[in-house]
Asks: 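Here's a structure for you.
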Amino acid sequence: MLSFALYKQMYNLVYNSVDSRLAASANQIAAELGHNNEILTNGLRLLSEQDAIVKGIDDLLYSIHLPDVLSNFVLDAPLIESLYLVDKEGYVVESHAGNILALERSGLILSTFTGPFEIKDIASKSRVFLIKDSALVAKGGQHKALAYVVPIYSDRAIDHIVVSGYLVAIVPIYKLAERVQDSLNQNESLGFFYKQQQIEGNLIDDANYDVAHASRLVISGRNYQNSVWLKVKVGQGLESLAEQVRATMAPGMASSVVVIAIIMVVIMLFAHLVARAFGRLYGLIRDFEKGRDSDWVNDHKLTIQEFADVASLLAQMKTTIGKQLRTVQEKNQELARIDKLRAGYLEEVQNLNSQLEYKVEERTRDLELSMDNLAQSNFFFQQLVQFRRVLEASKGNRQIAIDALRILAMCFPNIGLVIYLPQSRGHRSVHESLSVELDEFDELQLRIATKARQRWDRFSIEFNQQWVNVFGIRCGGDKMGWLLINEPKLSEESSNRIMLFVTELSSFLENRSLNEELDHLARTDSLTGIKNRKAFDELQFSLETQLDAEVCMFVIDVNGLKRMNDEKGHEKGDQLIQSVAEVLAECCRDISDDYFRIGGDEFAIVLAGPQLEKIEMLAARLNSRQNNQVAIDLNSFGGEPLLSFSFGYASTHEVDFSHLYKQADQNMYSNKQRYYSRLRQTQL
Ligand SMILES: Nc1nc2c(ncn2[C@@H]2O[C@H](COP(=O)(O)OP(=O)(O)OP(=O)(O)O)[C@@H](O)[C@H]2O)c(=O)[nH]1
């Protein structure tokens, strides 16, 4: 009974001590995280007032230093996973280790803060949110995070703050859990609860887990209205608790068994001695009665102690046994102490071992990850160089689009891609896609064009309940193409790489467009807009180098331009030249595109190959338009230029190619002579 009561008492003691240790752990963890949160909140506020941050929102010079400022801050605050500098429209200006598109898409800023606010409200504008968009947390899986939003204000008017942007820091809940994991032993479990629901941790909420202690943790903005209330719970399984209690009580139980055994041995010894003493006493009395010698007593050196009564005999015996029991107890205690020390050392060594193993594993994982990253970025840059070569070799939009999709798909496998390039001088408009069905491309393009008025380089839009990332491709002039990526969780690193790719493509297309524009200008007559002398010479050269080319050349010369210039001014002369060019374009329709202004008032038309069948048709058309107004006096015509020209032509049927122009020119000149003689006769 005694030992059972003892055991029960010890059990309760150990159990209560574990229980109160769990409660203390929960309180300590909450206090530690509360302290960290306070430091973080103050740190973010101080950062938001820094010159580089304030000016960086719209100043390019400052924004060069921003990545360093942000990354240094994150290094000093390891709870933060990513940090963004956001302008007041909600667009990310700079970020460290974040997912820009996911943050912009979350609309965190726009849905929360509107309009200017009172200066006294500045503290309440710092906020903390619990966010569920797992795209904002880099670690794979469904993770929740706290978003700290702190306003940045560049100007204080008398009673209003002009907010120019916000700092947004993302602190994943799993990081809070990792931060406090060291405070727990291997049997203990931790859980973070928000509104009764566990959002992180490994605490099992069932009947086997009744020893759980909670403490409230306030993750605060600058005041309590803007706070997130989390509950930290620390618990331990009943089985492991019972194990722990048993282990702690084991030495105590052993010692109780020893004590009981000793008591029994002592009682037996005592009974034996008492029986013997009484036996001897009885023998002596019998010897005395029979008159026997008492030598036997001396031989055996027996000491006879006299006791006044049995009670004093028992008291003497109790003292002796008590002394012996105390010695045994002291020995047991010493043994238990040594045992406990040994178990403590063993546990410490085990802990150190497992920590070491964990660290080695962690480092190996990090190393593997960075090797992977390095290999990936090497591969990407190789492909980028390859793409540059491909671009130089390819001319058409379709080929460019196909190559771009092929290379992007190699660098970023398993994502849907669409590319659209607009029509430009001599190039068709194309849209190609990979792993995506886009039946409603026109509607999507309309939505992109509307959104691109606010921002064109990269943004994301929702289409058919999916988030599509859009990257703008500059194609020269004001023409834009688009690269669409159907991957809502595109990381910042991938997004930046794609941006590099798009920049490469943009600069190629802009260059191409510029060169084509220059080419066109070099071969176009600026006054009439038709082809010029250079284009004429190039055509002649190319025809001349063709074997047996059959060609017909028309030469056209304006009549009376000098007189027009002299009498009506150069401007009217210019108009006359333009009108002749228009008439020639009309005459050449469906016959030839090769009509040129080859001198001040001189034009040429070239027909080759099958076009030669239409020589007569062209001659007839020119004939009908050449001097429509021949009978009208120049001066009497209301200031408008009179259209009159002479033409002549020759073909390789009659003359050698090298004399073609000369012959046509002579024919034209003869016709001109006839025209003037007719004109003179008319005027007489
Ligand atoms: N307004 C204008 N005049 C030009 C231009 N280029 C050349 N001219 C003038 O055109 C005139 C050409 O003179 P001519 O070759 O004698 O030609 P014309 O006056 O038409 O006489 P015919 O050819 O004999 O009919 C010259 O006075 C040039 O100065 C031009 O671009 N604009």
Side-chain angles (χ1 to χ4, degrees), residues 517-540 552-588 592-607 615 618-651 655 658-684:
E517 188 60 34
L518 284 175
D519 242 34
H520 176 73
L521 285 177
R523 285 165 185 75
T524 305
D525 175 49
S526 57
L527 179 63
T528 59
I530 69 173
K531 294 178 191 171
N532 65 6
R533 177 86 205 197
K534 182 175 162 62
F536 176 70
D537 288 345
E538 281 172 358
L539 179 66
Q540 279 211 96
C552 175
M553 188 180 291
F554 283 71
V555 173
I556 301 105
D557 193 274
V558 181
N559 294 334
L561 178 62
K562 187 171 182 316
R563 197 172 149 204
M564 173 70 80
N565 279 338
D566 294 348
E567 291 178 10
K568 301 275 182 181
H570 256 257
E571 208 175 308
K572 292 287 174 201
D574 281 354
Q575 282 179 18
L576 180 56
I577 293 171
Q578 284 167 335
S579 305
V580 171
E582 278 164 27
V583 168
L584 294 187
E586 280 169 36
C587 292
C588 286
S592 169
D593 289 333
D594 294 322
Y595 46 96
F596 311 83
R597 181 183 176 210
I598 56 175
D601 64 345
E602 199 177 359
F603 295 83
I605 303 172
V606 177
L607 306 187
I615 296 175
L618 180 59
R621 283 188 190 173
L622 289 171
N623 207 27
S624 70
R625 305 290 304 269
Q626 68 177 335
N627 40 32
N628 293 356
Q629 295 89 2
V630 75
I632 305 170
D633 188 327
L634 256 182
N635 290 322
S636 66
F637 192 69
E640 287 307 309
L642 293 174
L643 189 103
S644 173
F645 59 83
S646 301
F647 74 92
Y649 62 94
S651 79
V655 286
S658 55
H659 294 104
L660 204 56
Y661 170 75
K662 202 170 168 196
Q663 186 60 49
D665 194 47
Q666 269 175 18
N667 292 346
M668 180 278 295
Y669 189 69
S670 309
N671 285 337
K672 188 171 276 235
Q673 300 284 68
R674 277 198 288 281
Y675 160 76
Y676 276 118
S677 73
R678 260 201 331 274
L679 185 65
R680 273 194 296 277
Q681 282 169 16
T682 323
Q683 284 169 345
L684 277 176

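Just follow the structure's listing: the first ligand is 1, and inside any ligand the first atom is 1.
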Asks: Can you confirm whether more than 12 heavy atoms, excluding those of Glu586, are under 6.0 Å from its CD atom?
Replies: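 Yes.
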Asks: Would you say Ser592's side chain and Val606's backbone share a donor-acceptor pair under 3.5 angstrom?
Replies: yes
Asks: Are there more than 12 heavy atoms of other residues, nucleotides or ligands under 6.0 Å from atom CG of Asp593?
Replies: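 No.
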Asks: Using the salt bridge (Lys or Arg N to Asp or Glu O under 4.0 Å) rule, collect all pairs that involve residues 522-532, keeping only residues at least two apart or in two chains.
Replies: Asp519-Arg523, Arg523-Glu538, Asp525-Arg597, Lys531-Asp594
Asks: Can you list the residues that meet the ring-ring contact (aromatic ring centres under 6.0 Å, His included) rule with Phe554, with sequence neighbours excluded?
Replies: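 Tyr649.
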Asks: With a 4.0 Å heavy-atom cut-off, what residues sit around ligand 1?
Replies: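 Shell around ligand 1 (4.0 Å, heavy atoms): Asp557, Val558, Asn559, Gly560, Leu561, Lys562, Asn565, His570, Gly573, Asp574, Ile577, Arg597, Gly600, Asp601, Lys672, Tyr676.
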Asks: Taking ring-ring contact (aromatic ring centres under 6.0 Å, His included) as the definition, give me every residue that meets it alongside Phe536, ordered by chain and number, with sequence neighbours left out.
Replies: Phe596
